[in-house]
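In what follows, every chain begins at residue 1, and chains take the letters A, B, ... in the order their sequences are listed.
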Amino acid sequence: NAGVTQTPKFQVLKTGQSMTLQCAQDMNHEYMSWYRQDPGMGLRLIHYSVGAGITDQGEVPNGYNVSRSTTEDFPLRLLSAAPSQTSVYFCASSYSGTGENEQYFGPGTRLTVT
Amino acid sequence: GENVEQHPSTLSVQEGDSAVIKCTYSDSASNYFPWYKQELGKRPQLIIDIRSNVGEKKDQRIAVTLNKTAKHFSLHITETQPEDSAVYFCAASIMTKGTYKYIFGTGTRLKVLA
């Protein structure tokens with residue numbers, strides 16, 4: 001199993017550009033989530049999904065959209081990139097959304113917005 | 001609000017000494033408390049977790065204790081080694097709208113001095 005994969009590894013955007021960060025898992029996990037990591041701020045939840053067709057907002061959802069059309073994929077879309085979205089983005093998955101399962105993290109995407 | 005507080009933000013110990021990191025959470029319905037270790041440039045990885053029906057769990061040099069009444073849990077690392085140097089994150093599952101999401105603390109940077 002590849003586990004949780006993310007693409008791209010690095011990305012530089014100009015202010016106002018849009019892009020999609022890809023996340024996929026091959027463990028048949030129901031629960032998937034996106035976090036951003038900024039120095040001193042820990043991992044902050046952006047959006048999460050408890051299954052295909054179901055998504056919900058986390059702590060910092062503004063400026064980001066998600067969809068979950070399949071169990072495997074959970075893309076994160078930046079609609080109009082801003083410098084404040086410069087961060088490292090991690091996707092994670094776990095077996096279910098019952099709140100008692102280990103989350104497996106992807107390798108991360110380092111995004112810079114100029 | 002839903003939050004997880006983590007202290008201290010940095011911790012330096014001599015090799016062989018013990019290290020303790022503490023977290024408090026706000027949601028009394030939280031039932032799962034994982035700890036993640038993140039080395040520089042890497043993804044977070046689970047090192048130990050505890051569920052709400054258990055007060056303590058140990059895995060070799062690492063232990064976690066949970067006090068549900070006080071809503072706090074702690075990570076204990078004994079006989080620290082240089083390879084324990086990393087950032088450690090606590091997390092708690094928070095129930096919202098009938099499902100769970102995971103909220104992380106802001107992290108503790110542990111330095112083990114040889």
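- Note: B:L46 leads B:D49, B:L46, B:V4 in heavy-atom pairs under 4.5 Å with chain A.
- Listed in order of number, the residues of residues 71-93 of chain B that approach chain A to under 4.5 Å between heavy atoms are B:F89, B:S93.
- Of the atoms belonging to B:Q38, it is side-chain heavy atoms, and not backbone ones, that fall under 4.5 Å from chain A.
- Proximity to chain B is limited to the side chain of A:Q37, based on heavy atoms less than 4.5 angstrom apart.
- Side-chain atoms of A:L76 and A:I46, non-hydrogen and from C-beta on, do get closer than 4.5 Å to each other.
- The parts of A:F105 that come within reach of chain B are both its backbone and its side chain, each placing non-hydrogen atoms under 4.5 angstrom from that chain.
- Using a 4.5 Å cut-off between heavy atoms, B:P44 contacts chain A through both its backbone and its side chain.
- Of the two parts of A:V88, neither the backbone nor the side chain holds a non-hydrogen atom closer than 4.5 Å to a non-hydrogen atom of chain B.
- The aromatic rings of B:F104 and B:Y36 lie tilted to each other, with the angle between the two planes from 30° to 60°.
- Under a cut-off of 6.0 angstrom, the local environment of NZ in B:K22 is sparse, with at most 12 non-hydrogen atoms contributed by other residues, nucleotides or ligands.
- Residues A:Y31 and A:N101 have side chains that never bring a donor and an acceptor to within less than 3.5 angstrom of each other.
- In this structure, chain B has a heavy atom under 4.5 Å from the side chain of A:D56, while its backbone stays farther away.
- Both the backbone and the side chain of A:L43 come within contact range of chain B, each with at least one heavy atom under 4.5 Å from a heavy atom of that chain.
- We find that B:K58 and B:E56 are not joined by a salt bridge, their nearest charged nitrogen and carboxylate oxygen being 4.0 Å or further apart.
- Among A:S33, A:A92, A:G106, A:G58, the residue with the largest count of heavy-atom pairs under 4.5 Å with chain B is A:G106.
- Ring-centre distance between A:Y104 and A:H29: below the 6.0 Å cut-off.
- In this structure the side chain of B:T106 never reaches within 4.5 angstrom of the side chain of B:E5, judged on heavy atoms.
- Within the 4.5 angstrom heavy-atom criterion, only backbone atoms of A:S96 (N, CA, C, O) approach chain B.
- Residues A:D73 and A:R68 form no side-chain contact, since every pair of their non-hydrogen atoms from C-beta on lies 4.5 Å or further apart.
- Salt-bridge formation is detected for the pair A:R36/A:D38: a Lys NZ or Arg NE/NH1/NH2 atom is positioned less than 4.0 Å from an Asp or Glu carboxylate oxygen.
- Side-chain contact, A:Y35 with A:Q103: a donor N or O sits under 3.5 Å from an acceptor N or O.
- Without hydrogens or angle criteria, A:S49 side chain to A:I54 main chain gives a donor-acceptor distance under 3.5 Å.
- No side-chain heavy atom of B:I94 sits under 4.5 Å from any side-chain heavy atom of B:Y102.
- With ring centers used as reference points, B:Y100 lies 6.0 Å or more from A:Y48.
- The main-chain N or O of A:C91 is found under 3.5 Å from a side-chain atom of A:Q6 such that the two form a donor-acceptor pair.
- Of all residues spanning residues 10-22 of chain A, none has a heavy atom less than 4.5 Å away from chain B's heavy atoms.
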